[in-house]
Amino acid sequence: MGRIASIESRPLAASAVRDAVPVARVRLQNIDALRGFVMVLMLLDHVRETWFLYVPVADPVDARTALPAVAFARLAVSLCAPVFVALTGLGVFLFRSNHTVEETTSYLVKRGLLLMAIEVFYLSPIYWTNTPTFWLQVIWCIGLSMIALAALMRLPRHALIGLGLAIVCGHNLLDPIHLEPGNPLHALWAQLHQRDLIALPFGAVAKTTYPVLPWIGVILLGYGIGPWFLPHVAPEARQKRLLALGAGMLAAFLVLRGINVYGDKPWFVVEGSPLRTVMSFISLTKYPPSLLFLLPTLGVGALLLVAFERVRDSAVISALAVFGGAPMFFYIFHLTVLRILYHIALAIWGQNHGEFFGVSSYNWVLVWYVGLLVPLYFPVVWFSRLKRRRRDIAWLKYF
């Protein structure tokens, strides 16, 4: 999930110099640290999905019934996918700055297909129960987004930014379009914008958890801010632009959410409960991500890039950068560990909440989350060092 967003520079062949934009020679630690930060947040959501799955979480969260702790944790982990996809687009630009467009396109297509294969042939099967279900989730979505960016990358950068803005700001106009199974365009539309089940041969199904259209807009916008991170741009100038961008997106969110007419399902006042009214205001649609979901998450991501750059080289930033330097390895490894732990618990204690095994309260989810951070950190350190040490092993760059 992350090599494309953290690729290090290599010299260009002489024949490629004409086609390459200025070379980005500096690897910015704040990019790795922000990627690592959202990976650490993501672990919280996956721990909840392991030990607290019997408590359903609607999309968006139902402010009338949801546990407040779950609702606010869900808000925090909402940063993960938008920030990661945007950083992927940024990483593509930095990769492109030291490679020809042909090299970049080839890498994106290979990387995208690999991610999609991992989602289908490894990550989905570890969650199978009775019906083989191919969960087309974030890894599948990032793979498709990379392939889409490869197809569009030859367009001028301002055209890519314009297209990205049009998709992110306008895709909610497509919400009323709903195609039923049996419609010849249903499978395509389910992958683009309609979260749905797709029937497959032999009784299998595919679940389009992450319809890809809005995420293509996000990866294009991440690519669009790439020049801000080139070596000749002063840190002060980059930080000023990111601060303006982040603050502007948060302000736009507050205005649009306050108007309450576009960009997501309307919020409402819960009589006698200011807390649940606030929960309604911040409950936003992720599948697919609404405009109002993307504005605050990407806005906060821009502000965090500034904060992490200003405290660079601190112990915390260095630790987060370790997670961010090998995110695909961390993603696969931690999901595998969680599934193994779940099946061990299920074998010992059985189904204690309907068809699931689960802990008795959300507090135990938090305990498991904190307890797993350190054990998961050391394998990631090992793999990050392996990548740096063994550059002769070509396949490591994809993780």
Side-chain angles (χ1 to χ4, degrees), residues 1-6 27-52 57 69-88 90-91 123 137-139 141-142 210 222 246 286 293 296-342 359 362-385 387 399:
M1 217 169 28
R3 177 62 183 179
I4 191 64
S6 61
R27 179 170 175 165
L28 299 173
Q29 189 187 46
N30 62 330
I31 296 175
D32 274 349
L34 179 56
R35 193 183 310 106
F37 177 72
V38 298
M39 298 297 287
V40 169
L41 280 180
M42 177 195 63
L43 175 64
L44 175 60
D45 209 35
H46 291 167
V47 171
R48 177 191 61 80
E49 290 178 343
T50 300
W51 303 122
F52 216 52
V57 176
V70 173
F72 286 102
R74 187 69 173 166
L75 175 66
V77 301
S78 293
L79 288 173
C80 300
V83 168
F84 199 93
V85 174
L87 290 181
T88 300
L90 170 59
L123 294 176
Q137 300 198 88
V138 65
I139 300 300
C141 167
I142 293 175
Y210 277 75
K286 181 180 180 181
F293 179 90
T297 50
L298 293 175
V300 170
L303 298 180
L304 287 174
L305 275 174
V306 175
F308 288 174
E309 186 169 10
R310 289 183 175 178
V311 295
R312 61 186 181 274
D313 298 325
S314 68
V316 172
I317 296 302
S318 297
L320 290 174
V322 170
F323 282 109
M328 190 63 211
F329 172 81
F330 174 73
Y331 190 85
I332 295 173
F333 181 72
H334 90 274
L335 287 180
T336 303
V337 168
L338 287 174
R339 291 311 290 167
I340 292 172
L341 291 173
Y342 176 80
V359 295
Y362 190 71
N363 291 334
W364 280 110
V365 173
L366 299 177
V367 170
W368 270 99
Y369 171 65
V370 174
L372 284 171
L373 282 174
V374 172
L376 291 174
Y377 177 77
F378 290 105
V380 178
V381 170
W382 168 80
F383 188 80
S384 296
R385 290 174 177 171
K387 282 205 309 181
F399 291 84

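Everything quoted here is computed from the prediction, not taken from an experiment.
- Residues Phe333 and Val380 fail the side-chain proximity criterion, which asks for heavy atoms closer than 4.5 Å.
- Across every non-hydrogen atom of Ala81 and Val138, the tightest pair is CB-CG2, 4.5 Å.
- Put simply, CZ on Phe323 and CG on Leu43 are 8.0 Å apart, with the number rounded to the nearest 0.5 Å.
- By the 4.5 Å heavy-atom criterion applied to side chains, Arg48 and Arg74 are counted as neighbours.
- Ile317 has its side chain out of reach of Asn30: every pair of non-hydrogen atoms, C-beta onward, lies at least 4.5 Å apart.
- Distance CE/Met328 to CD1/Ile142: 8.5 Å, rounded to 0.5 Å.
- Expressed to the nearest 0.5 Å, how far CG of Leu341 lies from OG1 of Thr50 amounts to 8.5 Å.
- When side chains are defined from C-beta on, Leu79 counts as touching Phe37, because their heavy atoms get closer than 4.5 Å.
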Discussion item. For Leu44 and Leu366: C-alpha separation, side-chain torsions, deciding distance, then whether side chain to side chain contact (heavy atoms under 4.5 Å, CB included) applies.
Written reply: CA-CA 7 Å; Leu44 175 60; Leu366 299 177; 3.9 Å; yes

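- The nearest pair of heavy atoms linking Thr297 to Ser78 is CG2-O, 3.4 Å.
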Practice prompt. Just do the side chain to side chain contact (heavy atoms under 4.5 Å, CB included) check on Leu338 and Leu372 with the steps written out, would you?
Written response: CA-CA 10 Å; Leu338 287 174; Leu372 284 171; 3.7 Å; yes

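- The structure places OG of Ser314 at 9.0 Å from CZ of Phe308, a figure rounded to the nearest 0.5 Å.
- The closest side-chain heavy-atom distance from Ser318 to Gln29 is below 4.5 Å.
- Between the side chain of Asp45 and the backbone N or O of Val77 there is no donor-acceptor pair closer than 3.5 Å.
- Each of Trp368, Tyr362, Trp364 was checked for a ring-ring contact (aromatic ring centres under 6.0 Å, His included) with Phe52, and the lone residue meeting it is Tyr362.
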Practice prompt. Apply side chain to side chain contact (heavy atoms under 4.5 Å, CB included) to the pair Trp51 and Tyr342, showing each step before the final yes or no.
Written response: CA-CA 8 Å; Trp51 303 122; Tyr342 176 80; 4.2 Å; yes

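- Ile139 contributes atom CD1, which lies 7.5 Å from atom CD1 of Ile332 (distance to the nearest 0.5 angstrom).
- Contact record, Met42 with Cys80: N-SG, 3.4 Å, taken as the closest heavy-atom pair.
- Take Tyr369 and apply the ring-ring contact (aromatic ring centres under 6.0 Å, His included) test, not counting sequence neighbours, and it matches no residue.
- In this structure, Lys387 and Gly325 approach most closely via the heavy-atom pair NZ-O, 2.7 Å.
- At least one donor-acceptor pair closer than 3.5 Å links the side chain of His334 to the backbone N or O of Tyr331.
- Closest of all the heavy-atom pairs between Leu298 and Pro82 is CD2-O, 3.4 Å.
- Closest approach of Ala326 to Ser384, counting heavy atoms only: CB-OG, 3.6 Å.
- Under the 3.5 Å distance criterion, the side-chain polar atoms of Lys286 are left unmatched by any main-chain donor or acceptor of Tyr210.
- Taken to the nearest 0.5 Å, the CG atom of Leu87 stands 5.0 Å off from the CG atom of Leu34.
- Taking the six-membered ring for Trp and thresholds of 30 and 60 degrees, Phe329 and Phe383 have nearly parallel ring planes, at less than 30 degrees apart.
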